[in-house]
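Each remark here refers to the structure printed beneath this line.
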Amino acid sequence: MTRLSSDDFRALVTAMASAVADNAERLTELDRAIGDGDHGANMQRGFDAVAADLDTLAAKPLPEALKAAGMKLVMTVGGASGPLVGTFFMTLGKELPEEFDRAGFTEAFSKAVAAVAARGKSHQGQKTLLDVLFPMQAALEDGKSVGEIATIAGQAAEATIPILATRGRASFLGERSIGHMDPGAASVALLASVAASMLEQQP
Amino acid sequence: MNVGIVIVSHSPLVAEGAAQMVRQMVGDEVPLAWCGGDPSGGLGTSVEAITNAIESVWSEAGVAVLVDLGGAETNSEMAIEFIGEPRASRIVICNAPIVEGAIMAATEASGGAALSSVVATAEELSPL
């Protein structure tokens with residue numbers, strides 16, 4: 001059984017916030033190509049707000065902390081990504097017991113992905129963050145290692161480049177959306193790589 | 001009490017302008033609120049602002065919400081979930097163009113129509 005301590009949670013949030021800040025310009029650049037050019041700034045505002053609230057959040061049990069972090073993201077990210085990324089963390093918190101094994105985490109992760117799909121009224125293959133979340137879910141179910149899952153997430157984000165967008169702002173561009181990586185997919189892959197490098201350092 | 005109308009745009013200027021048109025064309029019989037802009041004032045929408053707008057026009061008859069693009073709809077759905085039952089099921093996002101929809105919905109609402117017919121009137125404008 002795994003139990004993520006409050007220090008682990010702190011370290012994870014801090015690392016995610018700093019990775020988002022370091023990549024904000026790149027994410028915004030991706031969004032400028034096929035969206036409205038604010039994704040990096042939006043994500044940075046959201047994760048900064050979560051990091052600013054870290055003392056309150058880390059005092060809660062992990063599921064509650066995840067829920068509160070998700071709620072904060074919904075309220076502060078703005079754009080369509082706020083409800084999507086926020087729903088992921090809120091659902092993860094709702095479904096994850098305080099102590100969990102791999103099967104328990106996989107189940108909670110799957111429910112969180114399903115909630116994001118329902119929120120966005122979307123499915124895999126539409127050039128969205130789901131195109132990274134679903135392959136991550138499959139990798140979890142296949143028993144892949146944490147490092148492998150992060151690699152798969154990165155590859156899945158790359159694989160959104162040739163997809164024709166049929167959901168979200170990029171879908172307005174039709175065929176011109178082809179040839180650009182989806183910014184939401186890039187964000188999820190980034191967060192996955194941060195989480196993976198943290199978890200790999202665990203004894 | 002008449003159905004309330006909320007206008008949610010990515011742009012505060014669009015939302016306010018649409019609200020001005022409703023006021024001028026329909027009058028003051030309808031509770032009306034608008035919001036636009038993301039949490040830091042740029043183009044976008046904010047769940048908190050939408051929640052506050054809905055609360056400010058809350059009517060037992062319900063509230064019809066008019067939105068522009070994608071995130072406005074997703075954020076409005078989120079706001080409605082946060083408001084929760086029993087009110088949530090009396091708040092409906094109209095599948096209608098934001099300006100025309102707001103005016104048609106408000107016109108219908110000003111005559112005391114039920115939420116379902118306010119929404120249906122706005123949605124008549126949508127392409128099938």
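From a predicted model like this one, the values you see are computed outputs, not experimental measurements. Residue numbers start from 1 in every chain, and the chains themselves are labelled A, B, ... in the order their sequence lines are given, proteins ahead of strands.
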Does a sphere of radius 6.0 Å around CD in Glu148(A) hold more than 12 heavy atoms from other residues, nucleotides or ligands, not counting ones at 6.0 Å or beyond? yes
Residue Arg119(A) versus chain B: region with a heavy atom under 4.5 Å: both
Arg23(B), CZ: over 12 other non-hydrogen atoms inside 6.0 angstrom: yes
Atom CE in Met75(A), atom CE in Met78(B): separation rounded to 0.5 Å? 8.0 Å
Counting neighbours of CD on Glu55(B) that are heavy atoms of other residues, nucleotides or ligands and sit closer than 6.0 Å, is the number greater than 12? yes
Mind checking the CG-CG spacing from Leu43(B) to Asp38(A)? Nearest 0.5 Å is all I need. 8.0 Å
Take atom CD in Gln24(B); do more than 12 heavy atoms of anything else shown fall under 6.0 Å from it? no
Identify the two heavy atoms, one from Thr74(B) and one from Pro83(A), that lie closest to each other, and give their separation to 0.1 Å. CG2-CB, 3.6 Å
OG1 on Thr87(A) to CD on Glu77(B), rounded to 0.5 Å: 10.0 Å
